[in-house]
Amino acid sequence: MIKIIFSILFLGTAIGIFLGPVKKNWEDINLLAVEKKDFNTVLSNSRELIDLRDNLIRKYNEIPESDLARLEKLIPSGIKKMDLVVETESLVKKYGFALKDIQVDIAKVEDKKSKANEINNDIFDAVYINLSFNGPYKPLLSFISELENDLRIMEIESLLFDADESDWYEYTMRIKTYAKK
């Protein structure tokens, strides 16, 4: 009987001694298993992102150079004031106007979430072209039409003109366009 009691006592003590440190390690093992599962999820997501990036790069590389050039014309990278001045000046002179003054100003595009038609991104700058020129009225319509049909996004913000007795007007125009930073 004493042997059975001692056996049970020793067995209980052995189980207690064994489970004490093992219980702490068991909790650590469970935490590590959860972390392993999280890491595997992150690894799986990163592989999906890598595949997505590779697919996007492949699709971008499939875009013809002519289309990329058109996209660059639509909203160019960086602001090249001189190119913009030369382009605008040649367009004004094409319609027989006498250019008096041209200024190019750059402003950051502010976040205007309430207006759906604004470009709401901090990667664009607004570029304002202020023109002052003289000429007849009829070519002005063609000039505005060409601005409207140009590949570059351009908005005429204001157009003021003074008339004299002949068909000769003095125009002041403010045009807004965009460029990537």
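Sequence positions, counted from 1, serve as the residue numbers for this chain.
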Check: Is the CD atom of Glu65 crowded by more than 12 outside heavy atoms at less than 6.0 Å?
Finding: no
| said: Please check: side-chain N/O of Thr13 versus main-chain N/O of Leu9, any donor-acceptor pairing under 3.5 Å? | reply: yes
Consider only side-chain N and O atoms of Gln103 and Tyr128, and report whether a donor and an acceptor are under 3.5 Å apart. no
Salt bridge flag under 4.0 Å for residues Arg152 and Glu72
no
Donor-acceptor contact present, side-chain Ser90 to main-chain Glu87, <3.5 Å
yes
Over 60° means perpendicular and under 30° means parallel, so classify the ring planes of Tyr169 and Phe161, tilted if in between.
perpendicular
Please say yes or no: joined through hydrophobic side-chain contacts below 4.5 Å, possibly via intermediate residues, are Tyr178 and Leu151 part of one cluster? no
With sequence neighbours left out, the residues meeting salt bridge (charged side-chain N to carboxylate O under 4.0 Å, His left out) with Lys81 are none
Separation between CD1 (Ile4) and CG (Leu11), nearest 0.5 Å, reads 13.0 Å
Notebook entry, point to check: Going hydrophobic residue to hydrophobic residue with side-chain gaps under 4.5 angstrom, can you get from Tyr95 over to Ile156?
Noted result: yes
Would you say the side-chain atoms of Asp67 pair up with the backbone N or O of Ile63, donor to acceptor, closer than 3.5 Å? no
- Query: Is it the case that one hydrophobic cluster holds both Leu147 and Leu141, taking links as side-chain heavy atoms less than 4.5 Å apart, direct or via other members?
  - Reply: yes
Value for CD1 (Ile153) from NZ (Lys73), rounded to nearest 0.5 Å, stands at 12.0 Å
Which of Leu84, Val104, Ile129, Val127 passes side-chain contact (heavy atoms from CB on, under 4.5 Å) with Ile175? Answer is Ile129
Check the surroundings of atom NZ in Lys138: do more than 12 heavy atoms from other residues, nucleotides or ligands lie under 6.0 Å from it?
no
Query raised in the report: If you measure only the distance, is there a donor-acceptor pair under 3.5 Å linking the side chains of Arg58 and Asn61?
Result: no
message: Applying side chain to side chain contact (heavy atoms under 4.5 Å, CB included) to Glu157 and Met173, what does each step give before you reach the verdict?
response: CA-CA 8 Å; Glu157 286 199 333; Met173 183 181 284; over 6 Å; no
### Message
Is there a path of hydrophobic side-chain contacts, each under 4.5 Å between heavy atoms, that joins Ile144 and Val92?
### Response
yes
message: Do Ile2 and Phe6 make a side-chain contact, defined as non-hydrogen atoms from C-beta onward lying under 4.5 Å apart?
response: yes
Classify the side-chain pair Asp105/Asn130 by whether it contains a donor and acceptor separated by less than 3.5 Å.
-> yes
* Asked: Do Tyr171 side-chain atoms and Phe97 backbone N/O form a donor-acceptor pair below 3.5 Å?
  -> no
Please determine whether ring pair (Phe, Tyr, Trp, His ring centres under 6.0 Å) holds for the pair Phe133 and Phe143, giving the CA-CA distance in whole Å, both sets of side-chain angles, and the decisive distance to 0.1 Å. CA-CA 12 Å; Phe133 56 95; Phe143 174 72; 5.7 Å; yes
dist Glu48:CD -> Ser44:OG (nearest 0.5 Å) comes out at 4.5 Å
Rounding to 0.5 Å, atoms CE (Met82) and NZ (Lys80) come to a distance of 14.5 Å
Separation between NZ (Lys93) and OG1 (Thr88), nearest 0.5 Å, reads 12.0 Å
d(Thr172 OG1, Leu159 CG) to nearest 0.5 Å is 8.5 Å
(request) Could you check Asp150 against Met154 for side chain to side chain contact (heavy atoms under 4.5 Å, CB included), going step by step and ending with a plain yes or no? (result) CA-CA 8 Å; Asp150 192 43; Met154 290 188 169; 4.2 Å; yes
For Glu146 and Leu91 the tightest heavy-atom approach is OE2-CD1, 3.1 Å
